[in-house]
Amino acid sequence: MINITLPDGGIKQFDQPPTGLDVAQSISEGFARNCVAMVLDERLMDLDRTIDGDGAVRFITTKDPEGLEIMRHSAAHVMAQAILRLYPDAKLTIGPVVEEGFYYDIDMPPVSEEDFARIEAEMKKIVQEKLPIRREEVAKDEALRIYRDEPYKLEMLKDLADGTISIYRQGDFFDLCRGPHVPHTGFVKAFKLMKASGAYWRADQTKAQLQRVYGIAFFDKKDLKAHLAFIEEARKRNHRRIGTALDLFSFRDEAPGMAFFHPKGMAIWNALLDYWRLEHRAAGYVETKTPILLQRKLWERSGHWENYRENMYTAVIDEIDYAIKPMNCPGGMLLFGRKHHSYRDLPVRAAEVGLVHRHELSGVLNGLFRVRAFHQDDAHIFMTPDQIQPEILGVLRLVDKIYSTFGLGFHLELSTRPAKSIGTDAQWETATEGLKAALAEYGADYKVNEGDGAFYGPKIDIHIKDALGRTWQCGTVQLDMSLPERFDLSYIGADNERHRPIMIHRVIYGSIERFFGILVEHFAGQFPLWLAPVQAGVLPLNDDLLPFARSVAERLETLGIRTEVDHRSESLNKKVRDAQLNKIPLILTCGNKEKESGTISVRTLDGQVRQGVPMASFEQLVLDNISRRTLSFDGLQG
RNA sequence: GCCGGCGUAGCUCAGUCGGUAGAGCAGCUGAUUCGUAAUCAGCAGGCCAGCGGUUCGAAUCCGCUCGCCGGCUCCA
């Protein structure tokens, strides 16, 4: 008699050792049909495994995230099987599940997306065949024999411990695999191949070039459809696309990886920085600016010449080596070090919107997200050890305030001391405890990445979440125990002795270029009023009303509202359409009605029109929304 | 940097088998003067990314260079 305990505490009894499937079926046929695997006494395994003794079983179904992961791994096998049917000489390597689906690295001739239809058709056949997926266990030497003609599998086998090796078989296909897998190929219901690229065996450029084919799979066609719709939405929101359409910025071959900002892009840029300065002044920061071209001796002192040189642009001027700054900190160190500081002056919060250049590899450039020249909203805070906690807390609160203004949620991650690091245990202890104490007082949950800190100190990274649920690391707060040392910074303490200040680097937008790009995608180009490049579009009903329209626009401009008159001799419909496509948040039409009554007719981007709004109250409302930085325009009656 | 794909008008794209460049939108001109998502007509706009080669002839085929896009961490 075998007793199986279920998660609800219920016990099922069996005369013979049952398989997982038997147990599932004893619950109900319908339930069993949706099971993909089981967890027996904490061990994840296939449903067809026999349970030899008493144990606790939990089933993984098509509803569980783990179930999806297992099925995607099976999908990778189905894809590999299909590819082998079409390319019999292909050699398989590895095929894991990743966040965005699955891939398989295969040694085969280059495949492109044109080949996907054939591979997918073959996969579809395999799915329809509902081939049972069976686990087999063989001794290692037997596995070595089976795979004698498969160089990659042999190499993997050699890395595995001796003993039994599991092989999964479905029809004419088998693959070395840890498992588990879904019971049969029919579970792979909704799938699509997404992209193909080159990848190296073991990510090593000196090794063979493989073809990596990516796919995505779901249990339900609806989920696949939703996923594809998400990708389409992200494509539509792509900041490069919107940046071109709305005339915000561009890139040119003459300066690869360095953005040109157009007048409309600069309107947003300046609004971002105006706001940033407002909050930083309020938080007790002063603003500085350091040169972008500095001599080699500075970079030697900071350590960048030794450690960061491949990424730096250098020049020889009057036979002296210079480098364009890839970071603002060394300049900031010079500023702090140029005079004596009393403990009474600390903390010094010195902000700098600094333009830095980094020579990134050409292949990693990506719109505004990854550039070679960008501005950091940097700040260096110099303080005493007991100021660590309040200062970090102050940064976290500032971060919270600023991100909230954009409607961006975020989470925090703490990175601790890496294997290779400078500083004493005591210093790391003080530093890390200071960060933790600040995090505790701030009160949000955070993730800890052990050993992920910089060599010169621990850090807190801030990851924002945009309107599509994608996360981006923007802000970071890093403690630095190296630079104050290298620049021999000091302050005079209450004891009249020299002391080394604690220093942090922190950014909130991070790269302003990148943050700009994220905002474009987050808002899909439809910026809140305070950020919109053109806040009000004034549309005269006909050419005779153009002077009136201009007078309205002039009035708004005087109040500091960014306004544009559509002076074209086009139909009103056309002007409205173009204003909508240009995402102008307030569209004002000027006809005789408005001219005679001193009112305004306002159309917002949701298509709603309010007529007869008194000009004075409209102006007040607009200024109020701008100064409150509302995410959506509010207070308009009618 | 490496692998794959791509590069044609300001933008989006067509261009067959190698035969000498095309559309829509935007722009300009003229007509129209319109009440909330495209009025009509005309005009202009190109070293087909660059350089070299094959050819009687190259946007098209080949090579190199530059740039852009996707991928290059996920480990049976």
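Residue numbers start from 1 in every chain, and the chains themselves are labelled A, B, ... in the order their sequence lines are given, proteins ahead of strands. The figures here come from the full heavy-atom set of this structure, side chains too, leaving out hydrogens, waters and symmetry mates.
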Open item on the list: Does either side chain, that of A:Y168 or that of A:D46, offer a donor lying less than 3.5 Å from an acceptor on the other one?
Closed with: yes
Task: Donor-acceptor pair under 3.5 Å, A:D544 side chain vs B:U33 base - done: no
Open item on the list: What is the separation between atom CG on A:L365 and atom C1' on B:C66, rounded to the nearest whole Å?
Closed with: 13 Å
Open item on the list: Strictly below 4.0 Å, N to O, side chains only: are A:D175 and A:R169 in salt-bridge contact?
Closed with: no
Open item on the list: Heavy atoms from C-beta onward define the side chain here; which of B:G1, B:G27, B:A76 lies closest to that of A:M156?
Closed with: B:A76
Task: Pairwise 5' ranking along RNA chain B for A:C177 and A:E570, keeping only the more 5' one - done: A:E570
- [ ] On the 0 to 90° scale, with breaks at 30° and 60°, tag the A:Y313-A:H359 ring pair as parallel, tilted or perpendicular.
- [x] perpendicular
Task: Per A:P96 side chain, nearest of listed nucleotides B:U33, B:A38, B:C75 - done: B:C75
TODO: Let me know the distance between CD of A:Q211 and C1' of B:G4, rounded to the nearest Å.
DONE: 8 Å
Task: Proximity to the side chain of A:K574 - top-ranked nucleotide from B:G35, B:A26, B:C72 - done: B:A26
Open item on the list: I need the CG-C1' distance between A:N366 and B:G71, as an integer number of Å.
Closed with: 12 Å
- [ ] Return the stems involving RNA chain B, sorted by first number, where pairs are Watson-Crick (N1-N3 with N6-O4 or O6-N4) or G-U wobble (N1-O2 and O6-N3), both under 3.5 Å, and runs are 3 or more long.
- [x] B:1-7 with B:66-72, B:10-13 with B:22-25, B:27-31 with B:39-43, B:49-53 with B:61-65
Open item on the list: Counting the atoms with a prime plus P, OP1 and OP2 as sugar-phosphate, which does A:L581 contact under 4.0 Å by heavy atoms, base, sugar-phosphate, or nothing?
Closed with: base
Open item on the list: When the C1' atoms of B:G1 and B:G57 are compared, how many Å lie between them, rounded to an integer?
Closed with: 39 Å
Task: Sugar-phosphate, base or nothing in reach of A:D253, heavy atoms under 4.0 Å - done: sugar-phosphate
Open item on the list: Test ring pair (Phe, Tyr, Trp, His ring centres under 6.0 Å) on A:H262 and A:F249; report intermediate values, then the result.
Closed with: CA-CA 5 Å; A:H262 303 355; A:F249 61 87; 7.4 Å; no
Open item on the list: Using the C1' atom as the point on both nucleotides, what is the distance between B:A9 and B:A23, in whole Å?
Closed with: 11 Å
Task: Selected nucleotide, minimal atom distance to A:S569 side chain, candidates B:U32, B:U36, B:A37 - done: B:U32
TODO: Remember a base hit wins even if backbone is also touched, and classify A:L539 as base, sugar-phosphate or nothing at under 4.0 Å, heavy atoms.
DONE: nothing
Open item on the list: For a quick check of understanding: with a heavy-atom distance under 4.0 Å over all strands, which category does A:G101 fall into, base, sugar-phosphate or nothing?
Closed with: nothing
Open item on the list: Looking only at the side chains, is there a donor atom on one of A:S166 and A:E137 sitting less than 3.5 Å from an acceptor on the other?
Closed with: no
Task: Point-to-point distance, once rounded to the nearest 0.5 Å, from OG1 of A:T604 to CG of A:L636 - done: 7.0 Å
Task: Between B:U36 (P) and A:I584 (CD1): distance, integer Å - done: 18 Å
- [ ] For this output row, return yes or no: ring centroids of A:F218 and A:H227 closer than 6.0 angstrom.
- [x] yes
Open item on the list: Whether A:Y214 contacts B:C74 is assessed here as follows: a side-chain N or O lying under 4.0 Å from the phosphate OP1 or OP2. Is that the case?
Closed with: no
Task: Side chain A:S571 and base B:U39 donor-acceptor under 3.5 Å - done: no
Open item on the list: Using a heavy-atom cut-off of 4.0 Å across all strands, would you classify A:D247 as base, sugar-phosphate, or nothing?
Closed with: nothing
Open item on the list: In whole Å, measure the gap between the P atoms of B:A59 and B:G50 for me.
Closed with: 11 Å
Open item on the list: How about CD on A:E233, more than 12 heavy atoms from neighbouring residues, nucleotides or ligands closer than 6.0 Å, or not?
Closed with: yes
Open item on the list: At 4.0 Å (heavy atoms only), tell me whether A:R212 reaches a base, stays on the sugar-phosphate, or touches nothing.
Closed with: sugar-phosphate
- [ ] Determine the Euclidean distance between corresponding P atoms of B:C64 and B:G4; express it in Å to zero decimal places.
- [x] 11 Å
Got a list of side-chain donor-acceptor pairs under 3.5 Å for residues 363-370 of chain A, not counting sequence neighbours?
from	atom 1	to	atom 2	distance (Å)
A:N366	OD1	A:R240	NH1	2.7
A:R370	NH2	A:E360	OE1	3.0

Open item on the list: Is the phosphate of B:G70 approached by A:K195 (side-chain N or O, under 4.0 Å from OP1 or OP2)?
Closed with: no
- [ ] In whole angstrom, give the distance that lies between atom CZ of A:R372 and atom C1' of B:G1.
- [x] 10 Å
Task: Interatomic distance at P, B:G22 relative to B:C28, whole Å - done: 24 Å
Open item on the list: Quick check on B:G70: is either OP1 or OP2 less than 4.0 Å from any side-chain nitrogen or oxygen of A:R240?
Closed with: yes
Open item on the list: Once you apply a heavy-atom cut-off of 4.0 Å, does A:E360 come out as touching a base, just sugar-phosphate, or nothing?
Closed with: nothing
Open item on the list: Which nucleotide wins on minimum distance to the side chain of A:P256, given the candidates B:C68, B:A76, B:C74?
Closed with: B:C68
Open item on the list: Taking only the C1' atom of each, what is the distance from B:G19 to B:C25 in whole angstrom?
Closed with: 31 Å
Task: Counterpart residues, side chain to side chain contact (heavy atoms under 4.5 Å, CB included), relative to A:Q580 (two or more places apart) - done: A:V576, A:I587, A:R603, A:L605
Task: Upstream residue (5' side of RNA chain B) when A:R603 and A:G363 are each assigned their closest nucleotide - done: A:G363
- [ ] Between B:C68 and B:G63, how far apart are the P atoms? Round to whole Å, please.
- [x] 22 Å
TODO: Could you check how far CG of A:D105 sits from P of B:C75, rounded to whole Å?
DONE: 12 Å
Open item on the list: What's the gap between B:A26 and B:C40 when it is taken at their P atoms, as a whole Å value?
Closed with: 10 Å
Task: Per A:K153 side chain, nearest of listed nucleotides B:U39, B:C74, B:A76 - done: B:A76
Task: Pair A:H463, A:T471: side-chain N/O donor-acceptor within cut-off below 3.5 Å - done: no
Task: Interatomic distance where CZ belongs to A:R568 and P belongs to B:A38 [whole Å] - done: 13 Å
TODO: Have a look at A:G257 and say if it touches a base, only the backbone sugar-phosphate, or nothing, with a 4.0 Å heavy-atom cut-off.
DONE: sugar-phosphate
Task: Distance test, side-chain N/O of A:N573 to OP1/OP2 of B:U36, below 4.0 Å - done: no
TODO: Look at the side-chain N and O atoms of A:K575 and state whether any lies under 4.0 Å from the OP1 or OP2 oxygen of B:U39.
DONE: no
Open item on the list: Over all strands shown, is A:I94 touching base, sugar-phosphate only, or nothing at heavy-atom distances under 4.0 angstrom?
Closed with: sugar-phosphate
Task: Length of the CD1-C1' vector between A:I242 and B:C11, whole Å - done: 15 Å
Open item on the list: Any side-chain N or O of A:S362 below 4.0 angstrom from OP1/OP2 of B:G1?
Closed with: yes
